[in-house]
Amino acid sequence: MSDELLDFETVTREFDPVLGLEIHVELATKTKMFDAAPNAFGGDPNTYVTPVSLGMPGALPVVNKAAIEYAIRLGLALNCKIAESCRFARKNYFYPDLSKNFQTSQSDEPIAYDGYLDVELDDGEVFRVNIERAHVEEDAGKNTHMGGEGRIQGATYSLVDYNRAGVPLVEIVTRPIEGAGARAPEVAAKYVQTVRDIARALGVSEARMERGNVRADVNVSLRPSPDAPLGTRTETKNVNSFRAIARAVEYEMCRQGAVLAGGGTVLQETRHWQETDGTTLSGRPKSDADDYRYFPEPDLVPIVTPPELVEEIRANLPELPAAKRKRLQEQWQVSDLEMRDIVNAGALVLIEDSVKAGATAEGARKWWMGEMARYAKDQEIDLEAVPASAQDVAELDELVTSGKLTDKLARQALAGVLAGEGSPRTVMAARGLEVVSDDSALTAAVDEALAANPDVVEKIRSGKVQAAGAIIGAVMKATQGKADAARVREIVMERAQHS
């Protein structure tokens with residue numbers, strides 16, 4: 001039975017939405033958070049494990065130093081304060097995918113706290129999201145439910161893969177996000193995207209959402225007005241695409257709006273996002289922090305972060321996305337609107353990498369925002385998933401600027417690249433696309449066209465130079481569009497006067 005929904009316009013008119021986002025960022029360390037098992041994606045089930053990963057009796061954890069430094073790096077980029085001392089705790093809960101049956105996390109002593117992030121929306125407005133904390137913890141394993149269409153309801157049995165158990169995470173928790181109003185879905189998605197981009201820029205995570213390197217728990221509540229107490233929230237778990245985050249927020253707003261408008265009460269619970277139909281489904285009643293019975297992890301000593309270490313990490317932070325956008329906008333000489341379009345299309349890094357590979361900024365922008373963007377839209381994939389590389393774009397741009405391909409022929413070469421036929425140069429050679437620039441061949445084609453159109457010759461001789469277009473068109477047709485049009489025009493004007 002589907003939920004009743006209130007239309008979005010009515011919801012935003014009658015209620016004030018409040019958001020809360022918990023982003024989990026898997027850190028790209030070589031080993032796991034508390035043991036020497038490989039931190040890698042994939043692999044045969046239960047092969048990236050040690051006795052610590054499996055929670056075997058007597059196995060003792062050891063903190064991964066690199067993960068702590070990565071967490072500090074991320075905390076600083078989020079404008080957080082870094083704790084001089086923090087410690088781990090045991091979060092007690094039934095975890096079928098953590099065999100020790102508790103999660104090693106941080107409770108009242110996170111490594112980073114009290115930060116903020118300024119998020120640029122589609123129209124250029126900047127919305128500040130305040131961050132309560134960013135703490136370090138370990139990831140859980142993966143359950144695969146057999147039968148029941150992959151869900152636990154109706155499954156006949158479940159399989160557990162512990163390869164991911166113990167992978168280091170930073171969980172970033174916002175304070176209540178107020179004042180977004182009708183833009184709440186956009187604010188949520190843009191905030192997660194901004195965090196993803198920062199994690200990539202810092203090099204602390206591969207941040208591939210399709211692999212679960214970055215995923216968000218989305219909290220939504222409604223209240224009658226901005227000065228009313230906070231409403232009862234729901235938490236939609238593990239949403240892992242920007243589009244899905246925006247849709248989940250909008251759906252929950254409309255669902256909760258219908259419940260409240262009908263005189264009902266919103267249940268504090270976890271919910272699960274259904275990509276197939278864009279809905280959320282009820283999970284379990286949501287536990288509060290005290291229900292997890294946190295207590296200090298007895299097998300780990302507190303983490304001390306000397307101020308000089310923090311300042312050293314701060315001094316070595318790379319250029320962050322906002323600063324990079326500003327610099328590239330000036331270098332590429334594009335407007336604010338053009339830069340927003342580039343960012344919203346997910347093309348910034350792709351264009352930058354293409355320029356580094358040798359493309360002109362104008363050429364790289366043209367191909368990624370034009371042909372490549374249309375291909376991504378048609379295939380319903382992200383731009384970065386398009387089967388063409390920055391090197392391909394640089395090569396294509398060079399072939400055009402050197403005159404070996406026209407724009408029309410270059411589009412044909414790119415189609416071959418996208419079809420898996422090889423690099424632009426390889427496709428050009430295989431399909432015979434290179435521009436005909438040999439003067440003898442072009443002169444012969446021009447003479448043939450002039451001979452077939454004596455009336456056009458007379459018009460050119462009488463000063464009607466625009467008539468040359470008919471001859472140029474005939475030559476282009478004869479050469480299947482491969483002639484150098486500029487050189488053809490020169491030859492036409494020269495031969496018409498002497499034929």
Side-chain angles (χ1 to χ4, degrees), residues 1-8 10-12 14-24 91-98 103 139-160 171 173-174 176-177 184-185 188-189 192 209 212 215-224 229-293:
M1 181 178 178
S2 61
D3 294 310
E4 291 187 13
L5 303 177
L6 199 62
D7 70 272
F8 189 72
T10 302
V11 171
T12 55
E14 297 186 0
F15 298 97
D16 178 51
V18 179
L19 305 177
L21 289 155
E22 301 166 17
I23 302 178
H24 297 79
K91 181 180 180 181
N92 294 279
Y93 181 71
F94 175 66
Y95 291 95
D97 42 11
L98 277 174
Q103 181 186 38
D139 209 346
K142 181 180 179 182
N143 295 316
T144 301
H145 305 297
M146 309 305 292
E149 299 182 351
R151 292 182 55 79
I152 193 168
Q153 293 89 348
T156 53
Y157 62 95
S158 297
L159 301 174
V160 183
E171 181 177 348
V173 183
T174 69
I177 302 172
V192 178
M209 296 189 76
R215 51 193 191 268
D217 296 341
V218 181
N219 293 267
V220 179
S221 67
L222 297 178
R223 57 186 177 182
L230 296 176
T232 302
R233 63 189 170 93
T234 63
E235 181 181 13
T236 303
K237 303 288 288 185
N238 293 329
V239 190
N240 66 348
S241 78
F242 307 132
R243 180 170 178 266
I245 288 164
R247 292 173 69 201
V249 170
E250 181 171 341
Y251 181 84
E252 271 301 289
M253 287 173 62
C254 295
R255 186 190 69 82
Q256 292 183 26
V259 172
L260 295 172
T265 301
V266 174
L267 175 65
Q268 182 172 317
E269 62 179 347
T270 62
R271 296 182 69 86
H272 302 286
W273 173 249
Q274 305 299 302
E275 185 64 40
T276 52
D277 60 3
T279 65
T280 65
L281 292 180
S282 179
R284 59 176 175 79
K286 173 61 180 173
S287 300
D288 290 315
D290 53 2
D291 295 323
Y292 291 118
R293 293 171 43 251

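Bear in mind the structure is a predicted one, so any value in this text is a computation, not a measurement. What you see below is based on every heavy atom in this structure, not just the backbone, and it leaves out hydrogens, waters and symmetry mates.
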Just so I know, are the side chains of [X] and [Y] near enough to count as touching, which here means a heavy-atom distance under 4.5 Å?
X    : Y    : value
N238 : D217 : yes
P176 : L19  : no
P224 : D16  : no
V173 : E171 : yes
W273 : R247 : yes
Y251 : L5   : yes
K142 : D97  : no
V192 : I23  : yes

Say you draw a straight line from [atom1] of [X] to [atom2] of [Y]; how long is it, rounded to the nearest 0.5 Å?
X    : Y    : atom1 : atom2 : result
T265 : L260 : OG1   : CG    : 8.0 Å
R293 : Y93  : CZ    : OH    : 13.5 Å
E275 : N240 : CD    : CG    : 8.5 Å
S241 : M209 : OG    : CE    : 6.0 Å
T236 : H272 : OG1   : NE2   : 9.5 Å

Give a yes or no answer on whether the side chain of [X] reaches the backbone of [Y] with a donor-acceptor pair at less than 3.5 Å.
X    : Y    : value
T12  : F8   : yes
Q268 : T234 : no
T270 : G283 : no

For [X] versus [Y], what's the shortest heavy-atom pair and its separation?
X    : Y    : result
L222 : G257 : CD1-N, 3.4 Å
T174 : G20  : OG1-CA, 3.6 Å
P185 : A246 : CB-O, 3.4 Å
V249 : A188 : CG2-CB, 3.8 Å
R223 : G231 : CB-N, 4.3 Å
A244 : V239 : CB-CG1, 3.5 Å

**OP:** Kindly write out the residues that satisfy side chain to side chain donor-acceptor pair (under 3.5 Å) with S158, not counting sequence neighbours, or none if the list is empty.
**Re:** H145
**OP:** Only counting residues at least two apart or in another chain, list the ones meeting side chain to side chain donor-acceptor pair (under 3.5 Å) with T279.
**Re:** D277
Original post:
Any salt bridge between R215 and D139, counting N to O under 4.0 Å?
Top reply: yes
**OP:** Using a strict cut-off of less than 4.0 Å between a Lys/Arg side-chain nitrogen and an Asp/Glu carboxylate oxygen, indicate whether K237 and E22 qualify as a salt bridge.
**Re:** no
Original post:
Do T280 and R271 meet the criterion of a side-chain donor-acceptor pair at a distance under 3.5 Å?
Top reply: yes
Original post:
Can you check side-chain contact (heavy atoms from CB on, under 4.5 Å) on V220 and R233, steps first, answer last?
Top reply: CA-CA 5 Å; V220 179; R233 63 189 170 93; over 6 Å; no
**OP:** Kindly determine whether S221 and T232 satisfy side-chain contact (heavy atoms from CB on, under 4.5 Å), including the steps that lead there.
**Re:** CA-CA 6 Å; S221 67; T232 302; 6.0 Å; no
**OP:** Only pairs at least two apart or in different chains count here, so list each salt bridge (charged side-chain N to carboxylate O under 4.0 Å, His left out) that has a residue in residues 255-268.
**Re:** E252-R255
